[in-house]
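Notes follow the structure.
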Amino acid sequence: MQVVEISVKSDYLPKWGFWEGVREIIQNAIDAGIKKVSYNPKTRILTVEDKGPGFDNEALLIGYTTKADDNKTIGQFGEGLKFGSLALVRSGYSVFISNRGKVFIPIITKSKFFNSNVLAYQVEKDGQGPKGTKVEIKNVTAKQWQMIKNKILLLNKNYDPLKKILTEHKYKGKIYCKGIFVHEIKHSLWGYNLSGLEINRDRNIINDYSLKREIGRAIAKSEDMDILTSFIRILQN
């Protein structure tokens with residue numbers, strides 16, 4: 001077994017916990033071409049699989065990105081997967097990443113080079129095939145799984161990525177960016193799934209203007225008469 005240190009302090013992104021860790025891992029899989037997200041209530045294991053090409057050792061470097069160059073590199077080991085693993089391990093969850101015949105197990109350890117605890121990966125061979133990446137997160141409760149499904153639209157039946165205005169009551173006031181929950185607002189008649197929001201690394205909306213702009217665009221382009229009628233009533237009141 002090999003242990004590879006990553007130059008990331010264990011307290012990096014201190015506000016990130018279980019949700020943020022899972023969110024980043026699922027987002028990474030979406031970028032790669034998501035294959036399946038499943039939950040086993042008996043073993044309490046959440047599994048995220050993608051169709052990407054996997055990753056090589058260089059992908060463990062911070063700053064190594066594959067999402068902006070070309071389609072051949074999309075879905076390799078992005079920073080979201082590294083930082084998501086850190087948030088989960090720091091929160092007490094066991095994570096196993098299977099890729100190209102190896103299993104990468106994120107841990108927090110005392111660095112051999114720095115006077116700090118850092119993120120590291122135990123690397124073991126598992127002999128499995130090279131296609132895709134599979135992430136297993138252990139000790140996930142059924143309640144947490146339901147929370148994940150509520151915050152990731154892709155995991156819900158009949159999800160339509162082109163539908164920007166979400167009229168079901170359960171989505172009331174909830175704001176999603178490309179299918180992932182980012183914000184909640186009061187006194188909203190509907191929920192929204194928007195793609196042009198300006199968000200930061202924590203996936204918080206940077207300014208209200210981008211939110212108001214995208215909501216306005218979604219309503220202006222809607223062809224649903226019930227939505228338009230309700231909006232006109234709001235304006236009248």
Side-chain angles (χ1 to χ4, degrees), residues 1-32 34 37 43-70 72-141 144 148 199-204:
M1 179 183 66
Q2 182 183 15
V3 177
V4 180
E5 287 188 12
I6 311 298
S7 57
V8 178
K9 291 185 66 175
S10 61
D11 58 357
Y12 183 60
L13 299 170
K15 294 183 180 180
W16 283 26
F18 173 79
W19 157 242
E20 289 79 9
V22 170
R23 176 193 69 196
E24 294 303 308
I25 286 172
I26 292 179
Q27 179 65 69
N28 194 81
I30 291 172
D31 292 341
I34 197 163
V37 179
T43 61
R44 302 209 309 175
I45 295 177
L46 173 67
T47 303
V48 181
E49 299 180 69
D50 67 49
K51 304 174 185 176
F55 56 86
D56 53 30
N57 292 340
E58 282 191 354
L60 295 176
L61 294 169
I62 296 300
Y64 180 92
T65 180
T66 62
K67 296 179 181 179
D69 299 328
D70 55 53
K72 294 180 181 178
T73 59
I74 290 176
Q76 293 183 20
F77 200 75
E79 289 189 358
L81 188 50
K82 290 189 277 283
F83 297 151
S85 298
L86 171 62
L88 287 166
V89 172
R90 188 172 57 204
S91 300
Y93 296 88
S94 298
V95 181
F96 298 83
I97 304 168
S98 300
N99 168 80
R100 295 187 182 179
K102 296 179 181 178
V103 176
F104 296 78
I105 306 171
I107 60 173
I108 293 175
T109 187
K110 184 73 173 181
S111 174
K112 297 178 181 179
F113 307 101
F114 309 103
N115 188 30
S116 298
N117 288 332
V118 298
L119 174 67
Y121 286 89
Q122 294 177 349
V123 185
E124 303 175 355
K125 292 185 177 181
D126 71 352
Q128 295 184 9
K131 293 184 179 180
T133 298
K134 180 172 73 173
V135 181
E136 294 178 300
I137 306 166
K138 296 189 175 182
N139 299 319
V140 177
T141 66
Q144 287 174 318
I148 293 166
I199 57 176
N200 57 21
R201 177 181 285 279
D202 292 329
R203 301 192 187 276
N204 294 324

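Hydrogens, waters and symmetry mates are skipped; everything else that's a heavy atom, side chains included, is used. Since the model is a prediction, treat every value here as computed from it, not as a measurement.
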How many angstroms lie between [atom1] in [X] and [atom2] in [Y], if you round to the nearest 0.5 Å?
X	Y	atom1	atom2	value
Lys102	Ile97	NZ	CD1	13.5 Å
Asp11	Asn117	CG	CG	8.5 Å
Ile108	Leu119	CD1	CG	7.0 Å
Tyr121	Ile105	OH	CD1	11.5 Å
Ser7	Phe114	OG	CZ	6.5 Å
Ser91	Asn139	OG	CG	12.5 Å

TODO: Identify the heavy atoms of Gly17 and Ala87 that sit nearest to each other, and give their distance.
DONE: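 So the minimum-distance heavy-atom pair works out to O-CB, 3.6 Å.
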Open item on the list: Please give me the minimum heavy-atom distance between Gly84 and Ile25, naming the atom from each residue.
Closed with: C-CD1, 4.4 Å
Task: Pi-cation contact, Trp16 with Arg201 (under 6.0 Å, within 45°) - done: no
- [ ] Please name all residues satisfying ring-ring contact (aromatic ring centres under 6.0 Å, His included) with Tyr93, sequence neighbours left out, ordered by chain then number.
- [x]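 Counting only residues at least two positions away or on another chain, Tyr93 forms a ring-ring contact (aromatic ring centres under 6.0 Å, His included) with Phe18.
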Open item on the list: According to ring-ring contact (aromatic ring centres under 6.0 Å, His included), who are the partners of Tyr12, at least two apart in sequence or on a separate chain?
Closed with: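 Phe83.
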Open item on the list: Side chains of Gln27 and Asp31 only: does a donor on one sit below 3.5 Å from an acceptor on the other?
Closed with: yes
Any non-hydrogen side-chain atom of [X] less than 4.5 Å from a side-chain atom of [Y]?
X	Y	answer
Lys138	Phe96	yes
Pro106	Leu86	no
Ser85	Phe104	no
Leu13	Asp202	yes

Task: Glu24/Arg203 ion pair, N-O < 4.0 Å - done: yes
TODO: Have a look at Val135 and tell me which of Asn99, Val95, Thr47, Asp50 forms a side-chain contact (heavy atoms from CB on, under 4.5 Å) with it.
DONE: Val95
- [ ] Please assess Thr133 against Val48 for the test side-chain contact (heavy atoms from CB on, under 4.5 Å), listing each intermediate value before the final yes or no.
- [x] CA-CA 8 Å; Thr133 298; Val48 181; over 6 Å; no
Task: Of all pairs that satisfy side chain to side chain donor-acceptor pair (under 3.5 Å), the ones with a partner from residues 106-116, not counting sequence neighbours - done: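 Checked against side chain to side chain donor-acceptor pair (under 3.5 Å) - neighbours excluded - the pairs reaching residues 106-116 are Glu5-Ser111, Lys110-Asn115.
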Task: Intermediate values then yes/no, side-chain contact (heavy atoms from CB on, under 4.5 Å), Ile26 and Ile148 - done: CA-CA 10 Å; Ile26 292 179; Ile148 293 166; 4.0 Å; yes
